[in-house]
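Quick caveat, the model's predicted, so the values are computed rather than measured. The sequence lines fix the lettering, A, B, ..., with proteins before strands; numbering per chain opens at 1.
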Number of protein chains: 4
Amino acid sequence: MATPSVVPGPGAPRRGRPRDAKAERAILEAAVAILSEVGFTHLSVEAVAARAGVGKPTIYRRWPSKLELVIDAVERLAPPLQPASTGDPLTDLRQIVPQLMADVTSSPIGRAIVALANDAETHAELARRLGARYLAPRRAVIADILRQAVDAGQVRGDIDPEMTIDLMMGAALYHWLARAQPVDADTGRRIVDTVWDSLQPSR
Amino acid sequence: MATPSVVPGPGAPRRGRPRDAKAERAILEAAVAILSEVGFTHLSVEAVAARAGVGKPTIYRRWPSKLELVIDAVERLAPPLQPASTGDPLTDLRQIVPQLMADVTSSPIGRAIVALANDAETHAELARRLGARYLAPRRAVIADILRQAVDAGQVRGDIDPEMTIDLMMGAALYHWLARAQPVDADTGRRIVDTVWDSLQPSR
Amino acid sequence: MATPSVVPGPGAPRRGRPRDAKAERAILEAAVAILSEVGFTHLSVEAVAARAGVGKPTIYRRWPSKLELVIDAVERLAPPLQPASTGDPLTDLRQIVPQLMADVTSSPIGRAIVALANDAETHAELARRLGARYLAPRRAVIADILRQAVDAGQVRGDIDPEMTIDLMMGAALYHWLARAQPVDADTGRRIVDTVWDSLQPSR
Amino acid sequence: MATPSVVPGPGAPRRGRPRDAKAERAILEAAVAILSEVGFTHLSVEAVAARAGVGKPTIYRRWPSKLELVIDAVERLAPPLQPASTGDPLTDLRQIVPQLMADVTSSPIGRAIVALANDAETHAELARRLGARYLAPRRAVIADILRQAVDAGQVRGDIDPEMTIDLMMGAALYHWLARAQPVDADTGRRIVDTVWDSLQPSR
DNA sequence: TTATAAACGAGACGGTACGTCCTGTCTTTTA
DNA sequence: TAAAAGACAGGACGTACCGTCTCGTTTATAA
């Protein structure tokens with residue numbers, strides 16, 4: 001985890017002074033702190049370097065841009081996943097999905113995700129990176145539950161788990177973008193239930 | 001429309017030289033052009049001023065920031081709404097919603113919407129503004145169709161139109177954010193159909 | 001006095017609303033006040049207009065530039081000349097010249113004079129104007145005294161009054177420019193006496 | 001020489017990348033060139049940066065204002081001092097002083113000196129700086145000659161060399177300020193001779 | 001054990017853009 | 001038709017960061 005994006009050649013004999021793990025930690029912590037305080041737009045690499053007590057090149061040696069640094073920092077900022085399976089898929093969804101929604105529509109993480117799209121040139125690459133690092137494990141948790149629901153015959157067998165996730169998380173994200181306030185607990189639950197309904201076999 | 005965000009006192013007797021409507025038009029057109037070319041991040045107020053043949057202060061007199069200018073420009077960039085009612089709600093949704101999805105997940109407009117969230121301080125105010133100017137009329141078109149569907153008894157009477165819109169548009173937006181590619185026609189249609197299913201009365 | 005530099009055609013039939021003398025006074029007073037407060041460099045036409053409760057064009061209609069306005073203002077700022085002739089030329093010089101020195105090396109007036117030179121293009125014209133309006137009457141006072149001294153046989157008959165004035169006033173001005181402090185009373189008197197010595201017939 | 005006005009802490013261990021002497025040279029040369037071409041008023045830091053092929057911050061890192069930069073540039077612009085002692089003090093003065101007068105009343109240098117006074121807040125500090133860098137060595141040359149004259153018994157022993165210099169240079173400067181033309185050779189010589197006369201022992 | 005290589009903090013570099021201020025002109029409304 | 005108000009194009013200001021590039025100084029592996 002938190003592996004720097006710019007990795008030194010792995011096959012190389014690794015001569016010279018090795019990178020300082022302490023510096024790496026300090027940088028990510030500073031990034032997380034500043035991200036929480038001023039948001040993505042007003043976070044500057046310079047400020048991160050200053051707070052971490054580190055030179056700017058030490059940051060650029062590891063991360064090629066502010067956005068990539070933030071993506072790594074986001075992981076630290078995000079609360080750990082707690083799969084917490086009760087055995088009942090709907091109950092599980094009702095518990096976990098709102099957490100992930102809150103996660104993504106609370107400022108720093110959401111802003112980082114959303115910042116991806118601002119630069120057309122790098123959007124694809126960074127989305128790929130964020131997908132692998134942050135989104136994938138969270139989507140996997142939901143996909144698992146959906147699989148259980150399929151196996152239990154509680155939902156149709158031909159559902160598209162990816163689209164199902166897009167529907168739930170997307171509704172929350174769009175709600176937040178357009179209204180500048182995160183979905184509340186009740187709305188979150190209603191979104192889950194509505195999407196769950198759409199998965200039902202008989203209608 | 002395209003009224004500047006920084007409106008001069010409306011009740012005042014309007015003394016002094018009035019603002020030049022030609023300059024306003026030139027600025028918005030330049031903004032639209034540059035937005036299409038280089039995207040939100042690389043659009044600079046300076047470049048807009050230069051292309052519009054206008055001084056920077058003339059821009060700042062009307063719009064307090066690049067973002068607010070872009071929000072006004074987005075309206076012009078967005079293709080006009082063509083309600084095109086066939087009489088059948090589902091057919092209408094299948095035609096219109098994918099258009100709006102494409103609209104929002106094609107770079108310039110989507111990037112502008114998404115840029116809102118990057119600055120916590122102004123997110124609320126700008127979202128309000130974008131909502132009133134761009135989103136509201138588009139949501140209204142969908143809400144109208146949903147109302148017709150309710151009236152025709154094709155969907156339940158207690159549906160939440162706002163959430164329904166969030167589900168459809170959100171799924172497309174989230175898809176685009178996370179994968180850096182807009183939803184294709186087929187996916188768009190499947191999103192509409194899936195959400196339509198969730199509105200069905202009997203299941 | 002204080003006639004505007006840009007005079008309306010005198011032969012013209014003077015149609016329309018006449019210029020407001022009150023505005024003129026307010027402008028000059030504002031200029032004087034601001035000149036004393038912030039000096040020539042930081043005086044802006046805009047600030048003068050604002051303080052005078054006048055539009056900028058009203059100023060530009062009368063004075064073609066900030067410098068010309070200031071030259072007019074300087075006249076008001078300068079203490080009135082008090083010829084105060086005691087009958088003895090040297091005594092008169094010792095009394096009057098230090099006053100003029102203080103005048104010119106106290107900030108606002110000195111700064112205005114000195115500001116003339118900053119723009120090569122307009123230096124000549126503005127110096128001419130300042131000469132006619134402010135300097136000439138003051139030089140005349142000294143020249144008068146020198147003439148009396150010549151007539152009284154106290155100094156040589158072939159002195160060059162202009163150069164004599166340049167020596168005295170120049171010494172004070174240069175002193176101020178180079179040291180940022182005006183000549184004190186004693187130094188002023190020593191300058192006068194030294195120059196007076198150079199005018200003596202026998203040596 | 002040509003040491004930047006904003007000196008990095010001298011006792012400090014000089015950490016970080018050292019300042020680029022080449023950039024410094026390029027900036028001063030550009031400043032000199034532009035100063036000669038358009039004068040002090042129309043010289044902009046931006047133009048200097050552009051011509052020197054340097055970023056604006058690189059200039060502001062060294063000089064806090066256009067004026068301080070120009071003071072440094074003036075030194076380069078000024079023709080080198082050529083003491084050229086003939087052994088006879090009056091001959092020396094007649095040769096050297098008019099050169100210094102021409103120096104100071106030829107546009108760029110004179111305008112820079114005179115520009116000092118325009119901003120009351122910084123006049124003292126900048127005059128001090130200009131004094132140390134440009135004026136002092138030139139005054140020293142004249143003071144030396146005056147000392148020789150005293151030693152040779154050609155002038156009184158109690159003369160005030162500083163005031164003597166103020167008289168000669170001041171007359172030339174004042175002449176130029178008020179008339180917008182430098183003193184000609186003849187006038188320069190007459191000024192020197194007149195002041196010389198005032199130093200004579202017997203009169 | 002000594003090179004050698006690469007990291008380190010610091011900070012200067014050429015740039016770009018920012019948002020502000022002011023200049024001198026132009027245009028409307030009010031008187 | 002002049003005055004006030006204020007918008008206009010333009011230009012420069014001084015600042016903030018960008019991402020890169022030296023510096024002089026550790027620190028660890030390789031010779």
Side-chain angles (χ1 to χ4, degrees), chain A residues 8 12-20 22-23 42-50 52-66, chain B residues 8 12-20 22-24 42-47 49-50 52-62 64-66, chain C residues 8 13-20 22-23 42-47 49-50 52-61 63-66, chain D residues 8 12-20 22-24 26 42-47 49-50 52-62 64-66:
Chain A
R14 307 290 299 102
R15 305 217 307 168
R17 174 176 176 177
R19 289 198 182 155
D20 186 348
K22 215 157 40 185
H42 294 125
L43 173 145
S44 75
V45 174
E46 216 145 62
V48 173
V54 139
K56 268 197 293 177
T58 300
I59 294 182
Y60 281 106
R61 211 171 281 126
R62 291 171 163 84
W63 297 276
S65 76
K66 152 180 160 178
Chain B
R14 309 289 302 101
R15 305 218 297 173
R17 176 176 177 176
R19 292 201 178 152
D20 186 348
K22 216 158 38 188
E24 202 147 299
H42 296 124
L43 173 144
S44 76
V45 173
E46 216 145 60
V54 138
K56 263 197 292 177
T58 298
I59 294 183
Y60 281 107
R61 209 172 284 126
R62 291 172 162 85
S65 75
K66 152 179 160 177
Chain C
R14 311 288 300 100
R15 305 212 307 165
R17 176 172 173 179
R19 288 195 180 159
D20 187 348
K22 216 157 41 187
H42 295 126
L43 174 146
S44 75
V45 173
E46 214 144 63
V54 138
K56 269 197 293 174
T58 300
I59 294 182
Y60 281 106
R61 209 170 286 125
W63 297 275
S65 76
K66 149 180 160 178
Chain D
R14 307 291 301 101
R15 305 216 297 173
R17 178 177 176 175
R19 292 203 179 148
D20 186 348
K22 215 158 40 189
E24 203 148 299
H42 295 123
L43 173 146
S44 76
V45 173
E46 217 145 58
V54 138
K56 261 198 295 179
T58 299
I59 295 183
Y60 282 107
R61 210 171 282 125
R62 291 172 161 84
S65 76
K66 152 179 158 178

Colleague: If I take atom CH2 in residue A/Trp63 and atom P in nucleotide F/dC18, what distance separates them, rounded to the nearest angstrom?
Modeller: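 Value for this atom pair: 15 Å.
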
Colleague: Any chance you could lay out the side chain to side chain contact (heavy atoms under 4.5 Å, CB included) test for C/Tyr60 and C/Val45, step after step, and finish with the verdict?
Modeller: CA-CA 9 Å; C/Tyr60 281 106; C/Val45 173; 3.7 Å; yes

Colleague: Between D/Arg19 (CZ) and F/dC21 (C1'), how many Å, whole number?
Modeller: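 So the CZ-C1' distance, D/Arg19 to F/dC21, works out to 16 Å.
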
Colleague: Give a yes/no on whether any side-chain N or O of C/Thr58 is located under 4.0 angstrom from OP1 or OP2 of F/dA4.
Modeller: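 The answer is yes; a side-chain N or O of C/Thr58 sits under 4.0 Å from OP1 or OP2.
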
Colleague: Just the atom pairs and distances: protein N or O near nucleotides 2-4 of chain E's N or O, under 3.5 Å.
Modeller:
unit_1, atom_1, unit_2, atom_2, d
E/dT4, O3', A/Arg15, NH2, 3.1

Colleague: Go along nucleotides 15-21 of chain E 5' to 3' and tag each nucleotide: B for a protein heavy atom under 4.0 Å from its base, S when only backbone or sugar atoms are that close, - otherwise.
Modeller: B-BBBBB

Colleague: Would you check if D/Lys56 and D/Ile59 make a side-chain contact, meaning some heavy-atom pair closer than 4.5 Å?
Modeller: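 A side-chain contact is absent here, since even the closest heavy-atom pair is not under 4.5 Å.
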
Colleague: Which atom pair, heavy atoms only, marks the closest approach of B/Gly55 to B/Ala49?
Modeller: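 In this case the closest contact between B/Gly55 and B/Ala49 is C-CB, 4.3 Å.
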
Colleague: Establish, with yes or no, whether the OP1 or OP2 oxygen of E/dG11 is under 4.0 angstrom from a side-chain nitrogen or oxygen of D/Arg62.
Modeller: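 Looking at the OP1 and OP2 atoms of E/dG11, neither is under 4.0 Å from any side-chain N or O of D/Arg62.
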
Colleague: Assess whether one donor atom and one acceptor atom, taken from the side chain of D/Arg17 and the base of F/dC21, lie less than 3.5 Å apart.
Modeller: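 Donor-acceptor pair under 3.5 Å: yes.
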
Colleague: Can you tell me the distance, in whole Å, between the CD1 atom of A/Ile59 and the P atom of E/dA10?
Modeller: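 Those two atoms, CD1 and P, are 12 Å apart.
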
Colleague: Check the distance between E/dA7's P and A/Lys22's NZ and give it to me in whole angstrom.
Modeller: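 Interatomic distance, NZ of A/Lys22 to P of E/dA7: 17 Å.
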
Colleague: Could you pull out the closest heavy-atom pair between B/Arg61 and B/Arg19, with the gap in Å?
Modeller: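 Closest approach of B/Arg61 to B/Arg19, heavy atoms only: O-NH2, 3.4 Å.
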
Colleague: Would you mind reading off the distance between A/Asp20 atom CG and E/dG9 atom C1', rounded to a whole angstrom?
Modeller: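 Roughly 11 Å, once rounded to whole Å.
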
Colleague: Restricting to side chain to side chain contact (heavy atoms under 4.5 Å, CB included), what partner residues turn up for C/Ser65, sequence neighbours left out?
Modeller: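 Side chain to side chain contact (heavy atoms under 4.5 Å, CB included) check on C/Ser65 returns C/Leu67, C/Glu68.
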
